Structure formats: C-alpha cells, structure tokens
Amino acid sequence: MKFSLRWLQQIVDLNGIKFSCLADKLNASGFEIENIIHDPSANDIVFDLTTTANRQDVLSMVGLAREISCLFNRPLMYKLYNDSITTHINGFNLSDNNISLLDLSLIQIYRLNNTLSPSWLQYYLISQNIKPLNLLIDISEYIYLKWGQSIHIFDKKKVHDLQLNYSLFSLQKTNNNLLSKQNIELEVLKYDNLILSAIGFYINPCIQCDLLTNSIIIFGQVCNKKYIKSMQKLLNISTDLSKKCLNQGLRSDFVNALYETVQLIGSFGYGTLGKFYGYHKLHYIPQIIFLETSRIHNVLGFVRRNLCGYLTVQEIIHLLESLNFITIYDDSKSIFKIQVPINRKADIKRPIDIIEEIGRIYGFDKFISRLPFVHNNNLSFHNTLVNKVSQIRYLLRHLGLHEVQNYSFYDNLISNSKTEVKVFNPLGQDQSFLRSSLIDHLVINQQNNLKQGNKNVEIFEIGKIFKLNKSSGRFDRIFSSFEFLRLSGLIKNTVFLRRSWSHKPESLSWFHAKGIMEEFLDRLQAVIVWKKINDLNESSLFFNLTKLLKMNRTAIIYNINNQEIGIFGQLRNCYGISTYIFEFDVMKLIASVNSLNHINSLICPYSHYPSLTRDISLTLNNLHSVHSVKQQISSFNNSLIESVQVFNHYKNKSTNCYKVGLRIIYRAYDRTLSYDDINRIDKEIGFLLSKYRSY
C-alpha cells in the first residue's frame, strides 16, 4: 500500500526524524519499503509498504502511525471520538444470529452541497493513484486509506423518496443470484424490498451518489472475515469490496472513522445531521499471556550498553505499555501477566510473540548477538568426543538396547587379576577393587533380571575402566594405573524371531547377534575387520575375559591398522544360554570411524551478473567421447565458463555415430559480459563445430 510522509506527519510527530532513519527502523521491524518517490513540489515522499499477512492493522495511515509512534516513542496527534455519538439500536430489525456483520451504522444527512473535493483531499487521492470524482465519493476513499474502514454513502432519494422508516431496514438471506449463477444464500441488507448491499461483496450501484445528490445515508460496516472467506470459496469469486473487507483495519477504529466521515461531510458539504442508528455485536474476549522474566533474558540476551546486564523489569513494562499491552508483574514468581490489545489479537498468540515485540521496539541491534570467544584448544576435541558418544548411545538405543550404569567398584570375589587396581582402606568388601571391565557387572545385571523373571535382557553401558600397569625399574618396581573409556553390552532374547506365524519363537542366534553388531558398526561408519581368535591371552585388551567366553564363539574386531578395538562373543552356558556380549575401546572405535562424503563440494562466490547460454549439437564417432569434448572445452582456458552440461545424448544406428547436445553457460563474477567476451565465446563454439561434425 502507498503511504505519504506528509500525511503521516499529520497523525504522528515526526519532527527531527529523517526518512532514511524511518525506513531503516521499519525494515528492521519486519516491514518492507519499496518504490520511494520524492515529490519536491509538494514537499512529500510517497512510498510503498508491504507487511506480513498477520499485520493487516498496519495497512492504513492510522495503523502505520501507531507503529511509528511505538518504534520512536513519539506521540499521536489524532483525536478519538468513541463516545461522541449517541447510538439508537432499537430501530433495527437485526439479531445476533447473523454471521456476516459485527458492526453496522446508518446516518442520514439532509440539504448538503455535493461539490468538488478540497485541493488537499484531491492531492492525497492522486498520490494514491485514485482519480477524484466528487466530495462524497472522495471522502469515502480517503477514510478507507486513513482508517482502513469501509464507509459507503448512498443517495437517500434513490433509496426512497419519502422519509425513511428505520424499522424497514433488515438483514436477510437470499439466493437471487447477485454474484453467481449458483444457488447459494448470501446475507443482504434491505430497505423494504430494495437490496442495498450483499454484505462484504456488493453495493447496489443504483443508489450511489452523483453531483446532484443533496440527501444521503452514510452506511458503515465491519464484516466478519470468516464469513467473507467462506463465501469466497463457495462462490469462487473475489470482489473489490471483499478484498477491502478482508484487509479492513481495527474494529476499534470503526466509530472514529465514522465520526470523521460525518465531520468532513459537514465541514465541506454544509448539511444537516440526522439521527445515528447503529448495531454492535459483542464477541471479543481479551487474551491473557503469562511470560517468565528468565525466558525474555534467555531469548534476547545481554544489552550492549551493559555487558553484564539484561533489560530491567521497568524497561520491559515500559516497552509493553508503549504497545498498549496491559501488564502486571508478579515479583515473587518473576512472571509478567500480559493482556493483549484488540488490535494485536491476530498476531500475538504466544509468549515468544511478545518477546519478539520487546526486541523489535527496543531494537535488536542493541542486544549482543555474537557468541563469546573461548580460549580453549581442547574445546573442539571435547565437543567432538561428546557428539560421537551421543551418536553411539543413539544408535544402540535405536537398535533396542537399554542403557545401564553401574558402580566403578568390584568385589574381590568376582575378579582377582594382577592388573586390577586395589582400593586401600575400602568402605566394604564389595568396593575392594576398581573395575577392569564392564562385562562383569552386566552379567550381574542379567542374573538379577532372571531372578525377577525377566528372560530377555538387552543392555549396554559406557563408562571408565581402570588397569594397573607394572614395569620393572632399575632399583624398584614402578606401579602406575590408567583409565580407559569403554563400551560394553549384553544381549539375550528368547523370542527374537519366528520362521512363520505357525512356528514357535526362537532365541537370538550367534549370527543374528553378530548381525546387530555389524549394523551398529555400519551405521557408525566404522571401518573394521572381524578375526577369529583361539586364545584370549593373545589379546592385549580383553585377556581378562577368558573365563566368561566360549572361544569357538568369540571374535576380535580390528581397525584397518590391525589394532584391536573390540570383542564380540557368546558367554559360557553357566552364565545363560544364548547370551552374547561385546566390548569396545571407545577412543579406538571413534578413531576407526571414516565419515563417507559422497559429494565433492566446490565452494565459490556467487555472481550477481547475468549469464550467457550456448546450446550446441555435435556428432561424435567411436573415436571421440563426451569426456574428450569436455576436455577440449576446458583447454580453452576460459575463466568465464561456469558449467558444461549434456542435455541430449543418443546413438544413430544407421551411421553408428552419437548425437550429443551440450549446454555451455558463461558468466563473469565481477561484471556483465562485454562484446569482446561474446566474440571470443563465438570463436570457441565455432572451433568445436568445425572439429566435430554438427547436424
């Protein structure tokens, strides 16, 4: 919609504000200013403004003035007339059962002079590309542009010659095919048997004003937008009036627009004002939103003026009150209770919407938007490790395993290896040693589940193990302990599959369990090799699991550098039939992951200049190929070539030749292609056509 800066200054104080500053502020607030026209003769600037669908309240002069008033904290300079007219509603034959109207007004004015509009009104309409006609029609157009309200003016004598009886006005449903041949009922406003308007779609042209009109009826309406949209779908039609009704301004501005219409007609038409008859349908319930102070701070962050502080409660309340929100702050709970004004009910529905308004009015540029710089070289490695461990957890959970956590202490009855770390002065016998493997505790978890009747156990654990490293020194023996991050799991399932619906369920087999491990490693993209082992004493990592596993059902997992990273095997029958375990060194497992990148990406700057396309057709014999042609094009050493694509390729059986269609795109990154560039391109194309037979 077009707006005039000169007329905005009549509604809101813009003294000292440059238009460039106004445009930047509106653009930062989510509006777009386009097609700016400077008119030195009228000392005015006319510009187009577009906004989102949920901010239709801004698409009028008063609506935009309100927005500017909030953005710049400037006062409005227009009057409000909400209680200036006495309404008489008893004369209408209307009820709240109608679905099309929210507000309706009828005012009669006698003995007026319908002349040409004043020069200021004509200038304003011309700036909006509207041709001035006469005072009454021009005022109606002006009111819609200023307030966004549909106010129509009828010739009273064309409605009825005698004095009007307001009891004859009625709202009825009719299907007399005003807009469509379909048999669809529309709500229409009638006086006796004369249709004045099909609500929201049609104004009877027979009752419109002309230069001879001296007695009028001012007709104002606020339509139900849901009704307009539903009827548009049924009728499959959209009129100028229906578009205006859907883009109508705030309902709360209706009376103000109506009063200014009466005032302008009275000032320039010198008429006698009659009674006002109006209808108002109550339907608005104020919306209440609760918003925590901490959430405002978390979303908006620090204010630039104070690197260690957020917006204060008083600043937030002041910003909300400037937007006409009614705000109550609960200091004990640090929560704002906010009532949304009627003009913002369409776009303010959630707490995040209010936070956006606070940031928009205060200025997003006044908040710190950069993340703090951390001087820690190990941070990236730590984040990578955390992400990889999280990925391992996600994959195992996706495969149906449940994560468990056990203590890091062992009972000395469970294991007594020479490499285990003994705890001096333990609190209890079950805390005598630090664990050197996660498998032992997983086996205990399984036994406890079996006692509880849970036959199927599929669990895993990620945790640290501790081993004692003994080395002989020259004079004495040196003892040192090391800790390692391990991943271990145990799988037992007695009802893993059925061969068919009639067969009994079967237990998880060794090959099925190995398949689960292979799927896990494949999804992790780990490059590994499975190897059979005869004796765990040959293993440097898992030799302490000898007493638990069946050697003929055990395999060691290596990386591509032939280093051990894990083990997979079946437990001895004394620990449970068809029970399988696995254990990995997490750091070595992560090191074996090879991220497969299928796309060879080439990053280059994007050119804002137009391209030139050449399509050529070539005939190739068996001695030539498309690849050789592309190499020939590359040999031109032309930096303007952006891409070479084959868009057609087929073989001619009669000549045993190939027909190839190539599309070559040329573009410069810093300029538009010149005539010299085009001449060079044409010479290169000509060389190709001469070397390869064209058709």
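Owing to the predicted nature of the structure, the values given are computational and were not obtained by experimental measurement. Position 1 is the first residue of the sequence; numbering continues from there.
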Asker: Between the side chain of T293 and the main-chain N/O of S334, is any donor-acceptor distance below 3.5 Å?
Answerer: yes

Asker: Do the ring planes of Y142 and Y124 sit parallel (below 30°), tilted (30 to 60°) or perpendicular (above 60°)?
Answerer: perpendicular

Asker: Measure across Q122 and S117 and return the closest heavy-atom pair with its distance rounded to 0.1 Å.
Answerer: NE2-O, 2.7 Å

Asker: Can you tell me how far CD1 of I218 sits from CZ of F154, rounded to the nearest 0.5 angstrom?
Answerer: 11.0 Å

Asker: Does S69 use its side chain to pair, donor to acceptor, with the backbone of A65 at less than 3.5 Å?
Answerer: no

Asker: So among V303, I296, N298, which one has a side-chain contact (heavy atoms from CB on, under 4.5 Å) with L300?
Answerer: I296

Asker: Give a yes or no on whether the backbone of S238 and the side-chain of S242 come within a donor-acceptor separation of less than 3.5 Å.
Answerer: no

Asker: Could you tell me if the ring centre of F302 sits under 6.0 Å from that of F367?
Answerer: no

Asker: Are any non-hydrogen side-chain atoms of F520 and L401 less than 4.5 angstrom apart?
Answerer: no

Asker: Output yes when a side-chain donor or acceptor of S140 lies under 3.5 Å from a complementary backbone atom of I151, and no otherwise.
Answerer: yes

Asker: Taking C-beta and beyond as the side chain, do I199 and L186 meet within less than 4.5 Å on heavy atoms?
Answerer: no

Asker: Mind running side chain to side chain contact (heavy atoms under 4.5 Å, CB included) on I392 and L589 for me, showing each step along the way?
Answerer: CA-CA 10 Å; I392 291 171; L589 176 63; 4.1 Å; yes

Asker: Any side-chain heavy atom of F325 within less than 4.5 Å of one from V340?
Answerer: yes

Asker: Please walk me through it: do N406 and L442 pass side chain to side chain contact (heavy atoms under 4.5 Å, CB included)?
Answerer: CA-CA 8 Å; N406 293 302; L442 295 183; 4.1 Å; yes

Asker: How close do I153 and L136 get, heavy atom to heavy atom, and via which atoms?
Answerer: CD1-O, 3.4 Å

Asker: Can you pull out every ring pair (Phe, Tyr, Trp, His ring centres under 6.0 Å) where at least one residue sits in residues 328-357? Sequence neighbours excluded, please.
Answerer: Y329-F336

Asker: Does CD belonging to Q452 count more than 12 external heavy atoms closer than 6.0 Å?
Answerer: no

Asker: Show, in sequence, the C-alpha distance, side-chain angles and deciding distance for L258 and Q149, and conclude whether the side chain to side chain contact (heavy atoms under 4.5 Å, CB included) test is met.
Answerer: CA-CA 8 Å; L258 185 66; Q149 301 295 327; over 6 Å; no

Asker: Hey, are the side chains of K146 and I11 touching, using non-hydrogen atoms and a 4.5 Å cut-off?
Answerer: yes

Asker: Please round to the nearest 0.5 Å and tell me the distance separating atom OG1 of T50 and atom CD of E32.
Answerer: 4.0 Å

Asker: For the residue pair L189 and L104, establish whether any side-chain heavy-atom pair is separated by less than 4.5 Å.
Answerer: yes

Asker: Check whether more than 12 heavy atoms from other residues, nucleotides or ligands sit under 6.0 Å from atom CG of N35, and answer yes or no.
Answerer: yes

Asker: For K173, look at atom NZ and say whether over 12 heavy atoms of other residues, nucleotides or ligands are found less than 6.0 Å away.
Answerer: no

Asker: Do the side chains of I265 and I139 get nearer than 4.5 Å, heavy atoms only?
Answerer: yes

Asker: Could you go through L26 and L64, starting from their C-alpha distance and side-chain angles, then the distance that decides it, and tell me whether this counts as side chain to side chain contact (heavy atoms under 4.5 Å, CB included)?
Answerer: CA-CA 10 Å; L26 288 173; L64 181 58; 4.2 Å; yes

Asker: Using the rule given for side-chain hydrogen bond (donor to acceptor under 3.5 Å, both in side chains), can you reason through S170 versus Q172, listing the C-alpha separation, both sets of side-chain angles and the distance that settles it, and then say yes or no?
Answerer: CA-CA 6 Å; S170 63; Q172 301 177 13; 3.0 Å; yes

Asker: For the residue pair K25 and F72, what are the closest heavy atoms and their distance?
Answerer: CB-CZ, 3.6 Å

Asker: Per the side-chain contact (heavy atoms from CB on, under 4.5 Å) rule, which among F169, F219, Y202 passes with L196?
Answerer: F169

Asker: Does any N or O in the side chain of S105 come within less than 3.5 Å of the main-chain N or O of G220, such that one atom is a donor and the other an acceptor?
Answerer: yes

Asker: Nearest 0.5 Å, please: how far is CD1 in I99 from SG in C223?
Answerer: 11.5 Å

Asker: Would you name the heavy atoms of C245 and S150 that are closest together and state the gap between them?
Answerer: SG-OG, 4.5 Å

Asker: Distance check, rounded to the nearest 0.5 Å: S127 atom OG versus R6 atom CZ?
Answerer: 9.0 Å

Asker: So with a 6.0 Å cut-off around NE2 of H398, is the heavy-atom count from everything else above 12?
Answerer: no

Asker: Report yes if some heavy atom in the side chain of D331 is under 4.5 Å from a heavy atom in the side chain of V313; otherwise report no.
Answerer: no

Asker: With a 4.0 Å cut-off on N to O distance, would you call K337 and D330 a salt bridge?
Answerer: no

Asker: Describe, in one word, how the ring planes of Y227 and F201 are oriented to each other, choosing from parallel (under 30°), tilted (30 to 60°) and perpendicular (over 60°).
Answerer: perpendicular

Asker: Please report the shortest heavy-atom distance between R251 and V222, naming the atom on each side.
Answerer: CG-CG1, 4.0 Å

Asker: For L311, is there any backbone N or O sitting under 3.5 Å from a side-chain donor or acceptor partner on H297?
Answerer: yes

Asker: Mind checking whether F19 and F47 have parallel, tilted or perpendicular rings, split at 30° and 60°?
Answerer: tilted

Asker: Starting at CG of L396, measure out to CD of E461 and round the result to the nearest 0.5 Å.
Answerer: 12.5 Å

Asker: Starting at CG of L14, measure out to CG of L22 and round the result to the nearest 0.5 Å.
Answerer: 6.5 Å

Asker: Indicate yes or no for a side-chain donor-acceptor contact from R74 to the backbone of N15 under 3.5 Å, with no hydrogens or angles considered.
Answerer: yes

Asker: Quick one: does E187's side chain get under 4.5 Å of M231's, heavy atoms only?
Answerer: no

Asker: Return the minimal non-hydrogen interatomic distance between G200 and I228, and the atom names on each side.
Answerer: CA-CD1, 3.6 Å

Asker: Could you pull out every donor-acceptor pair under 3.5 Å between side chains of residues 347-361 and any protein atom, sequence neighbours left out?
Answerer:
| unit_1 | atom_1 | unit_2 | atom_2 | d |
| --- | --- | --- | --- | --- |
| D347 | OD1 | R344 | NE | 3.1 |
| D347 | OD2 | R344 | NE | 3.3 |
| D347 | OD2 | R344 | NH2 | 2.6 |
| K349 | NZ | K345 | O | 3.4 |
| R350 | NH2 | D353 | OD1 | 3.1 |
| D353 | OD2 | K349 | N | 3.0 |
| D353 | OD2 | R350 | N | 3.0 |
| E357 | OE1 | R344 | NH1 | 3.1 |
| E357 | OE1 | R344 | NH2 | 3.3 |
| E357 | OE1 | R360 | NH2 | 2.5 |
| E357 | OE2 | R344 | NH2 | 3.2 |
| E357 | OE2 | R360 | NE | 3.3 |
| E357 | OE2 | R360 | NH2 | 3.4 |
| R360 | NH1 | E67 | OE2 | 2.3 |
| R360 | NH2 | E67 | OE2 | 2.8 |

